[in-house]
2 protein chains.
Amino acid sequence: MTRRSYDQYCGLAGALDLVGERWTLLIVRELMTGPKRYTDLADALRGIGTSLLAQRLAKLEADGILVRGRMAAPAASMVYKLTETGEELGRALMPLVLWGLRHAVPEEPAEGVQVRAEWSLLAFTHSADPATLAGIEATFEFVVDGTSAMLRIEGGRASVVQADGSTEPDATIRIKASTVAAVGSGRMSVIEATAAGRVEIEGDPEAVEALIVAFGSTL
Amino acid sequence: MTRRSYDQYCGLAGALDLVGERWTLLIVRELMTGPKRYTDLADALRGIGTSLLAQRLAKLEADGILVRGRMAAPAASMVYKLTETGEELGRALMPLVLWGLRHAVPEEPAEGVQVRAEWSLLAFTHSADPATLAGIEATFEFVVDGTSAMLRIEGGRASVVQADGSTEPDATIRIKASTVAAVGSGRMSVIEATAAGRVEIEGDPEAVEALIVAFGSTL
DNA sequence: CGGAATCCTCTTCGATACTG
DNA sequence: CAGTATCGAAGAGGATTCCG
């Protein structure tokens with residue numbers, strides 16, 4: 001294991017020495033939406049190859065970016081979860097996510113490209129003003145191209161969580177990945193998307209109204 | 001050229017498809033401090049290999065992140081410079097730079113590790129409050145472990161520029177790379193570093209005072 | 001079934017040498 | 001100065017196998 005390094009005394013070079021290798025930042029992205037098992041990761045990161053995933057996880061653990069833990073009682077299996085350092089890295093990646101959305105992601109997902117609601121929603125966790133979010137406490141289920149994820153707003157912060165059957169959302173929103181991308185990248189406002197009938201809403205109208213206000217004001 | 005892609009409809013994955021390969025973000029970092037020639041880049045990016053550098057530059061140009069241009073009259077040579085998209089990418093990288101400084105860069109540069117004043121100063125361009133910077137218009141030369149770069153403050157923004165002989169700084173500051181890193185990462189305040197005699201200052205005391213206030217208040 | 005190690009092939013990287 | 005050509009070494013991807 002000849003740890004390849006840029007050998008530069010620089011924050012960016014140091015960061016890339018730790019997390020610049022192929023797949024590594026995508027593993028971090030997966031864990032930004034909550035702890036995951038090995039197979040959850042392998043499933044989301046199509047093409048990674050089981051061996052490389054194990055290697056990356058071991059290195060991330062050694063570098064203090066994630067920890068390995070055991071799940072609660074019944075499903076006594078291993079989970080990977082970000083440390084505080086890892087969470088901080090996740091927050092530092094958000095501007096890059098938005099840049100990618102504006103400049104690297106096509107309007108429509110190409111044939112054969114993987115789509116996940118979790119990834120689409122990532123753009124929203126840092127693009128609303130905390131002051132506007134304060135006061136809202138609600139959970140929204142987004143169904144994006146057949147996949148589903150929850151956007152949880154609480155304590156002035158929005159976060160993406162995995163859609164497990166256990167939590168009941170206040171509202172369910174059906175929307176195409178391309179519409180989420182258009183809104184997240186600033187090409188279209190929430191208001192415009194709604195007006196254009198590109199958003200299908202079901203559930204508590206009051207919660208939805210708050211959501212639109214929160215994100216409509218910044219997007 | 002079998003463009004390897006993650007094939008995921010996600011801002012981060014898209015960004016990494018464009019700029020996630022080895023050396024690519026470091027090339028962007030180099031250009032964040034102004035246009036550079038091929039040999040300037042090859043010199044700063046020790047170990048890259050001339051062939052790979054050429055390949056990366058061609059791809060970055062094709063993707064609209066940089067443009068190739070010709071320098072002014074006498075030195076009729078080629079320069080590479082960021083497009084607006086590239087500049088935006090540079091700004092999106094700043095949180096990652098700071099994360100790296102806090103979690104990936106050792107207190108002291110290890111033996112054989114490259115040190116450049118430009119890299120050290122990068123941490124400061126986004127860590128002062130614009131309101132505090134407003135009103136300052138000055139140029140500071142930092143001499144860091146034998147290398148030199150300018151921090152230019154103007155219009156409420158701080159930026160790193162290359163130290164060419166042509167501009168005369170208002171003050172010159174001699175400081176070790178490890179001290180810059182300690183301050184940039186928040187482990188030490190500007191005030192502490194100055195009090196500890198780790199900063200050697202020469203030049204206009206008024207400008208230096210303003211600098212310390214601007215960065216002392218946030219760090 | 002979750003969590004890997006092994007093996008093999010292919011791609012990418014790094015270094016040196018060479019050219020307009 | 002600004003690259004191209006080449007080649008051995010390292011890394012990635014896919015399939016298969018193994019273990020608890």
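Scope of the values below: all heavy atoms of this structure, side chains included, with no hydrogens, waters or symmetry mates. A, B, ... follow the sequence lines: proteins, then strands. Residue 1 opens every chain.
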- Query: So, is B/Arg46 near the phosphate of C/dG14, with a side-chain N or O under 4.0 Å from OP1 or OP2?
  - Reply: no
Discussion item. Does C/dG3 have OP1 or OP2 under 4.0 Å away from a side-chain N or O of A/Thr39?
Written reply: yes
note: A/Leu57, atom CG; C/dG2, atom P; distance rounded to Å ~ 15 Å
Between CD of A/Glu21 and P of D/dG13 the distance, given in whole Å, is 12 Å
| said: Does D/dG11 have OP1 or OP2 under 4.0 Å away from a side-chain N or O of A/Trp23? | reply: no
To the nearest angstrom, the CG-C1' distance between B/Leu52 and C/dA17 comes to 17 Å
To the nearest 0.5 Å, atom CZ of A/Phe140 lies from atom CG of A/Leu121 at 11.5 Å
OP1 or OP2 of D/dA2 under 4.0 Å from side-chain N/O of B/Arg70
no
Would one find a side-chain N or O of B/Arg22 under 4.0 angstrom from OP1 or OP2 of C/dG14? yes
Quiz item: Would you say the side chains of A/Ser185 and A/Arg187 form a donor-acceptor pair under 3.5 Å?
Solution: yes
At less than 4.0 Å, is any side-chain N or O atom of A/Tyr80 found next to OP1 or OP2 of C/dA4? Yes or no.
yes
Side-chain atoms of A/Arg4 come closest, of D/dA2, C/dT12, D/dA10, to D/dA10
From the list A/Val28, A/Leu57, A/Leu89, A/Val79, side chain to side chain contact (heavy atoms under 4.5 Å, CB included) with A/Leu66 holds only for A/Leu57
To the nearest angstrom, the OH-P distance between A/Tyr6 and C/dC13 comes to 9 Å
For C/dT16, does OP1 or OP2 lie under 4.0 Å from any side-chain N or O of B/Thr50? no
In whole angstroms, the gap separating C1' of D/dA2 from CG of B/Asp43 amounts to 14 Å
Rounded to whole Å, the CG-P distance (B/Leu53 to D/dG3) equals 8 Å
Of the candidates D/dG3, C/dG14, C/dA4, the side chain of B/Met78 sits closest to D/dG3
When rounded to whole Å, the NZ to C1' distance for the pair B/Lys59 and C/dT12 reads 13 Å
Shortest non-hydrogen pair, A/Leu31 vs A/Tyr80, comes out as CD2-O, 3.4 Å
Table please: side-chain donor-acceptor pairs of residues 175-184 of chain A below 3.5 Å, with sequence neighbours left out.
unit_1   : atom_1 : unit_2   : atom_2 : d
A/Ser178 : OG     : A/Glu108 : OE2    : 3.3
A/Thr179 : OG1    : A/Arg198 : NE     : 3.0
A/Thr179 : OG1    : A/Arg198 : NH2    : 2.9

Taken to the nearest whole Å, CD/B/Gln55 to P/C/dG14 is 11 Å
